[in-house]
Amino acid sequence: MGFISRGFRGKRRDVASSSRVPPGQYVVTDFPVLSAGPTPRVNLDKWTFTIEGEIDEPKRWTWKELIALPSETVTKDIHCVTKWSKLDTIWKGVSVDKLMDGVDTAAEFTTIFSDGGYTTNLPLDDITGNKAWVVYEFDGQPLPPEHGGPVRFLVPHLYFWKSAKWVRGIRLEKEDHPGFWESNGYNMYGDPWREQRYWGD
Amino acid sequence: MTVEERRLDGNAIGGLLREIFTMEMTAAQATCAGCGAINAVGRVIVYVDAPGTVVRCPECESVLMRIVHGRGRYWVDMSGTRSLEFAEG
Ligand SMILES: [Zn+2]
């Protein structure tokens, strides 16, 4: 599918919602699947979520431990750097604040890492303060594998490539290390409202 | 369509690589930096439904190339391709 046709895939919203759509984006009602590789097969009995790096002892949760944590259901607009936005998406999961409870760290940056080798980098301040979640349900259903299930990261105020699919943990770091896309052209920060798509934006 | 059904072969990047290298590249031989397998570019695995184009080794699935195109520029990461051998144009 060529670049031009992308703009015609979704329906444009009325003016009332335009204040929710960042510059250069259009609204879709479907949920496009973006993938940089094969969908990992995940064995939930062996699955863990880990916080590691600049921390005395890594913190680790099994699948059962993660879903037993207090959860939140959040409704968020998401913005993909390939120019589609999807409004009012509903997710259930655990806030990063909850996972970071009691963690003492000198880190200012993080690398989110996933099954399949995908990584993305985020300032710690952008995933704490009620801004990011580790989610396992979309729209009231278990998160499907093609959308990152069983568990994906959700950091909706930045472009959606930061919301890593098939997430397995957070590495706390003193320096900002570019991730999978950030090391080859895509922006280190990725604020959709400032159209920070590429290096130099 | 599932992600697996949307997985393409290397002919899908024939046009893109011709823009970058200004010659036909699908017959070029790419050596994987991960496992050492050598494959014609036309035979590699290509994912185009992503922020950029991701090219993977058909033997070990590790990333051979990442190509991002935007703002009138290309970014080409070939760190996963140890060697790219091709005839003069
Ligand atoms: Zn290989």
Centroid-centroid under 6.0 Å between [X] and [Y] rings:
X: A:W63; Y: A:F49; answer: no
X: A:H177; Y: A:F109; answer: no
X: A:Y186; Y: A:Y198; answer: yes

- In terms of the angle between their ring planes, are A:F31 and A:W91 parallel, tilted or perpendicular, with boundaries placed at 30° and 60°?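 Perpendicular: the ring planes of A:F31 and A:W91 meet at over 60°.
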Checking [X] against chain A: side chain, backbone, both or neither under 4.5 Å from a heavy atom?
X: B:R7; value: neither
X: B:S79; value: neither
X: B:V55; value: neither
X: B:I45; value: neither

- Query: Judged by atom type as modelled, is there a donor-acceptor pair below 3.5 Å linking the side chain of A:T120 to the main-chain atoms of A:A164?
  - Reply: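 A pair under 3.5 Å: no.
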- Query: Is the shortest distance from a Lys or Arg side-chain nitrogen in A:K59 or A:E65 to a carboxylate oxygen in the other one below 4.0 Å?
  - Reply: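 A:E65 and A:K59: not salt-bridged.
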- Message: Counting only non-hydrogen atoms closer than 4.5 Å, can you tell me which residues of residues 150-159 of chain A sit against chain B?
- Response: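 Counting heavy atoms that sit under 4.5 Å from chain B, no residue of residues 150-159 of chain A is involved.
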- Task: Take A:D88 and A:R20, measure what salt bridge (Lys or Arg N to Asp or Glu O under 4.0 Å) needs, and give me the verdict at the end.
- Result: CA-CA 10 Å; A:D88 297 320; A:R20 293 168 61 182; 2.8 Å; yes
Donor-acceptor pairs are to be reported for all side-chain atoms of residues 127-136 of chain A against protein atoms at under 3.5 Å, with residues two or more places apart or in another chain.
from: A:T128; atom 1: OG1; to: A:L124; atom 2: O; distance (Å): 2.9
from: A:K131; atom 1: NZ; to: A:D125; atom 2: O; distance (Å): 3.0
from: A:K131; atom 1: NZ; to: A:T128; atom 2: O; distance (Å): 3.0
from: A:W133; atom 1: NE1; to: A:E72; atom 2: OE1; distance (Å): 2.9

- Query: Under a 4.5 Å heavy-atom cut-off, does chain B meet the side chain of A:F180, its backbone, both or neither?
  - Reply: both
